[in-house]
There are 2 protein chains.
Amino acid sequence: MSTVFKALSDPTRRKVLELLRKGPHSAGELAEHFAVSKATMSSHFAVLREAGLVVSEKDGKQVIYHLRLSVLEDALLDFTRLFGWSLAPSAEDSPKGETHDETR
Amino acid sequence: MSTVFKALSDPTRRKVLELLRKGPHSAGELAEHFAVSKATMSSHFAVLREAGLVVSEKDGKQVIYHLRLSVLEDALLDFTRLFGWSLAPSAEDSPKGETHDETR
DNA sequence: GACTCGTTTCGACGTTTATCTAATTATCAA
DNA sequence: TTGATAATTAGATAAACGTCGAAACGAGTC
């Protein structure tokens, strides 16, 4: 849980997650949205990967990142429960069908 | 928002928040639950205070900390909305509509 | 093979974090 | 005023962080 919140504590990483919500993207595509070096982005990806929030897949020269919504949801769910809140996927778009696919 | 997630990324601080959920507590009372020095706890309190998650009040020799549920809720709400989720407070009265201004 | 492209790894650097002990401030009680 | 108690501040240190440029790696292409 700490690693998830840590990952979430950086605006760049939150934005990456947000971009990934629209579907898988390559490292390069994601990096285009930010004014930092590729090396820096790569290190952000590593943080997200270690938190389990994304998974990467090699495709030729590229590395494709996928969001793992379920991990994010579980972490938030565990936490919000402590405060008597309920977190629910509000019925709507799960772009590119990556809703509750468990592949660890 | 970053400061909130940053504050949440430490287990000690999350536990403090959880303890505070049961009502206001003094710095000393809170510190009793952890195996670190008072000075360290004081610094954790400062992080929580700067994130707006708690407020402190002087009472004689003691300093009483209060949880500001609304700030936590707002941050989580803003974030979860990005992912199409809904966060619902179950029963808690969100006291005082003040919105802590934070922009980092 | 040699070359290029996309990405990650490798140092390096300055900043921030978590932690400690010691010192300080503020308050209350004799 | 002296002493005890509660909490914060000061100063130190080791580890982690965010960042970079440069080098290295892996997969295609020539």
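Values below: all heavy atoms of this structure, side chains included; hydrogens, waters and symmetry mates excluded. Small disclaimer: the values here were computed from a predicted structure and weren't measured.
- Listed by chain and number, the residues in a side chain to side chain donor-acceptor pair (under 3.5 Å) with B:Ser37 are B:Thr40 (sequence neighbours excluded).
- The residue among A:Lys58 and A:Ser9 whose nearest nucleotide of DNA chain D lies closer to the 5′ end is A:Ser9.
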Tabulate atom names and distances for all N/O pairs under 3.5 angstrom spanning the protein and nucleotides 6-13 of chain D.
{"from": "D:dA7", "atom 1": "OP1", "to": "B:Ala27", "atom 2": "N", "distance (Å)": "3.3"}
{"from": "D:dA7", "atom 1": "OP1", "to": "B:Gly28", "atom 2": "N", "distance (Å)": "3.3"}
{"from": "D:dA7", "atom 1": "OP2", "to": "B:Gly28", "atom 2": "N", "distance (Å)": "2.8"}
{"from": "D:dT8", "atom 1": "OP1", "to": "B:Tyr65", "atom 2": "OH", "distance (Å)": "2.6"}
{"from": "D:dT8", "atom 1": "OP2", "to": "B:Ser42", "atom 2": "OG", "distance (Å)": "2.9"}
{"from": "D:dT8", "atom 1": "O5'", "to": "B:Ser42", "atom 2": "OG", "distance (Å)": "3.2"}

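- B:Val71 and B:Val47 fall into different hydrophobic clusters, where Ile, Leu, Val, Met, Phe, Trp and Tyr are joined by side-chain heavy atoms under 4.5 Å apart, directly or via other members.
- OP1 or OP2 of D:dC17 has not a single side-chain nitrogen or oxygen of A:His44 nearer than 4.0 Å.
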Review point. When you look at B:Thr80 and A:Thr80, which way does the side chain to side chain contact (heavy atoms under 4.5 Å, CB included) test go after all the steps?
Key: CA-CA 11 Å; B:Thr80 55; A:Thr80 54; over 6 Å; no

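- Side-chain polar atoms of B:Arg14 and B:Ser9 form no donor-acceptor pair below 3.5 angstrom.
- Put simply, chain A comes within 4.0 Å of DNA chain C, heavy atom to any atom, from C:dC5 to C:dT9, going 5' to 3'.
- Under a hydrophobic clustering in which Ile, Leu, Val, Met, Phe, Trp and Tyr are joined whenever their side-chain heavy atoms come within less than 4.5 Å, directly or via other members, A:Ile64 and A:Leu48 fall into different clusters.
- In this structure, A:Thr40 reaches the D:dC20 phosphate: one of its side-chain N or O atoms is under 4.0 Å from OP1 or OP2.
- Applying the side-chain contact (heavy atoms from CB on, under 4.5 Å) test to A:Ser42 and every residue at least two apart in sequence or in another chain returns nothing.
- A:Ala75 pairs by the side-chain contact (heavy atoms from CB on, under 4.5 Å) definition with A:Val4, not counting sequence neighbours.
- B:Lys6 has its NZ atom 6 Å from the P atom of D:dG18, to the nearest Å.
- The stretch residues 23-36 of chain A participates, sequence neighbours left out, in these side chain to side chain donor-acceptor pair (under 3.5 Å) pairs: A:His25-A:Glu29.
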